[in-house]
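Below you'll find the structure, written out as structure tokens, and then a few comments.
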Amino acid sequence: MDEVEIVVAHRQRATLRVGDVFLKVDADPAHADVEVRAMAMAPVPTPAVLWHRPPVLAVAAVPGTALGVLGEPSPASPASWAAAGAVVRRLHDAPLPQWPGRRLDDVAAELDSECAWLLANAVLPAEVIRRNREIAGAALRQWQPVFIHGDLQITHVFVDDDQVTGVIDWSEAAPGDAMFDLAILTLGHEERLDDLLAGYGTDVDRTVIRAWWSLRSLVAARWLIEHGFDPDAPGCEFDVLRARMREPWTRSP
């Protein structure tokens, strides 16, 4: 038997690797159901589903290496980033999933709630929270829904020889804002946005992508802290928020 590697483990889910097989155990069976359905629909490379016996989903490993990790420079070439952009565009141009995505009102309510928690617990200087909350407001507009991955972190896109070999972890796939996927993939790697857009196309709103960088970092902080992760690690969410303080910004009237 191959050695068992714990990839991630917290109160909500755990992922184990045994050889070339990943075993995903989730407390909410709906997550695996969405993942299986989304991978079957997505017109992009995804892991092969080996079997699904709730609460466990077994998927095959994809070849290649991740574009990078949060907090470290991406080793991937500009061509690999452009290939990732082309794959994301293919996904966004695909027919919508038939299950609902997040509503704008829910996103706005979560942002308000998480900012209130950050302020009440003095997790960051109040000015950092308030400035990023204002920047994040640009994401709170009506969007034309597309098929989004929903959690398109840099660790979820694998490449080899400047080609995308697989996109993993589809449990949050849904109709949603295209700019959200682009923002999550470049979170903490903002310098690679031009490379990504070389493959995706430039018909994007960079102000909204920037807004999602702030919004995602604000709303993720409490979850990360409560589940044993450190958003204050170098290059991670708190550094993303602090970086906004070094940029010119015109306050809304």
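- Few gaps surround CD on Glu226; more than 12 heavy atoms of other groups in view lie less than 6.0 Å from it.
- Phe180 is listed as a side-chain neighbour of Ile148, based on a closest heavy-atom distance under 4.5 Å.
- You'll find the side chain of Phe22 stays beyond 4.5 Å of the side chain of Leu16, heavy atoms only.
- Under the 4.0 Å criterion applied to side-chain N and carboxylate O atoms, Asp239 and Arg242 are assigned as salt-bridge partners.
- The line from OG of Ser214 to CD of Glu237 is 12.0 Å long, rounded to the nearest 0.5 Å.
- Cluster membership for Val69 and Val159, using ILVMFWY side-chain heavy atoms within less than 4.5 angstrom, is not shared.
- Salt-bridge check for Arg133 with Asp112: passed, with a basic side-chain N closer than 4.0 Å to an acidic carboxylate O.
- Partners of Asp160 according to the side chain to side chain contact (heavy atoms under 4.5 Å, CB included) rule, which considers only residues two or more places apart in sequence or in another chain, are Thr165.
- Cluster annotation: Val7 and Val25 are assigned to distinct hydrophobic clusters (Ile/Leu/Val/Met/Phe/Trp/Tyr, side-chain heavy-atom contacts under 4.5 Å, transitive).
- Counting non-hydrogen atoms of other residues, nucleotides and ligands closer than 6.0 Å to CD of Glu191 gives a total above 12.
- Ser74 places a side-chain N or O within donor-acceptor distance of the main-chain N or O of Leu67, the cut-off being under 3.5 Å.
- A salt bridge is absent between Arg102 and Asp177; no separation between the charged side-chain nitrogens and carboxylate oxygens falls under 4.0 Å.
- Sequence neighbours left out, not one pair with a member in residues 52-70 passes side-chain hydrogen bond (donor to acceptor under 3.5 Å, both in side chains).
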Full working for side chain to side chain contact (heavy atoms under 4.5 Å, CB included) between Val219 and Trp117: CA-CA 10 Å; Val219 302; Trp117 184 88; over 6 Å; no
Residue pair Ile225, Val123: steps toward the side chain to side chain contact (heavy atoms under 4.5 Å, CB included) verdict: CA-CA 10 Å; Ile225 292 168; Val123 174; 4.1 Å; yes
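- Between Arg210 and Asp205 no salt bridge is recorded (no basic side-chain N to carboxylate O distance below 4.0 Å).
- Note that OG of Ser217 and CG of Leu224 are 9.0 Å apart. Values are rounded to the nearest 0.5 Å.
- To the nearest 0.5 angstrom, Ile154 atom CD1 is 10.0 Å from Leu152 atom CG.
- Both Leu185 and Leu193 are assigned to one and the same hydrophobic cluster, defined by single-linkage of ILVMFWY side chains at heavy-atom distances under 4.5 Å.
- A side chain to side chain donor-acceptor pair (under 3.5 Å) with His31 is found for one member of Lys24, Gln12, Arg13 and no other, namely Arg13.
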Stepwise side chain to side chain contact (heavy atoms under 4.5 Å, CB included) check, Leu215 with Val107: CA-CA 9 Å; Leu215 197 155; Val107 175; 4.1 Å; yes
Derivation and outcome, side chain to side chain contact (heavy atoms under 4.5 Å, CB included), residues Leu57 and Asp26: CA-CA 8 Å; Leu57 172 64; Asp26 200 302; over 6 Å; no
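- Although no hydrogens or angles enter the test, the distance criterion places no donor-acceptor pair under 3.5 Å between the side chain of Trp143 and the main chain of Leu140.
- Considering CD of Glu110 and CG of Asp105, their distance stands at 13.0 Å, rounded to 0.5 Å.
- A salt bridge between Arg206 and Asp194 is present, with a side-chain N of the basic residue lying under 4.0 Å from a carboxylate O of the acidic one.
- Distance check: Leu196 CG to Ser80 OG gives 12.0 Å after rounding to the nearest 0.5 Å.
- With a 4.5 Å cut-off on side-chain heavy atoms, Val146 and Leu91 do not count as touching.
- A side-chain N or O of Thr186 and one of Trp213 form a donor-acceptor pair less than 3.5 Å apart.
- Rounded to the nearest 0.5 angstrom, Phe238 CZ and Asp232 CG are separated by 6.0 Å.
- A salt bridge is defined here as a Lys NZ or Arg NE, NH1 or NH2 lying under 4.0 Å from an Asp or Glu carboxylate O, and Glu134 with Arg131 fails to meet this definition.
- Looking at heavy atoms from C-beta onward, Val204 lies in side-chain contact with Ile209 at the 4.5 angstrom threshold.
- A salt bridge between Arg216 and Glu114 is absent, with no side-chain N of the basic residue lying under 4.0 Å from a carboxylate O of the acidic one.
- Using cut-offs of 30° and 60° for the angle between ring planes, the His10 and Trp223 rings count as perpendicular.
- Pro97 is listed as a side-chain neighbour of Pro175, based on a closest heavy-atom distance under 4.5 Å.
- Residues Arg222 and Ser113 form a side-chain contact, since some pair of their non-hydrogen atoms from C-beta on lies under 4.5 Å apart.
- At least one side-chain heavy atom of Leu218 sits less than 4.5 Å from a side-chain heavy atom of Leu241.
- Residues Arg89 and Asp203 are in side-chain contact: their nearest non-hydrogen atoms beyond the backbone lie under 4.5 Å apart.
- Taking the six-membered ring where tryptophan is involved, the planes of His149 and His156 are tilted, since the angle between them lies from 30° to 60°.
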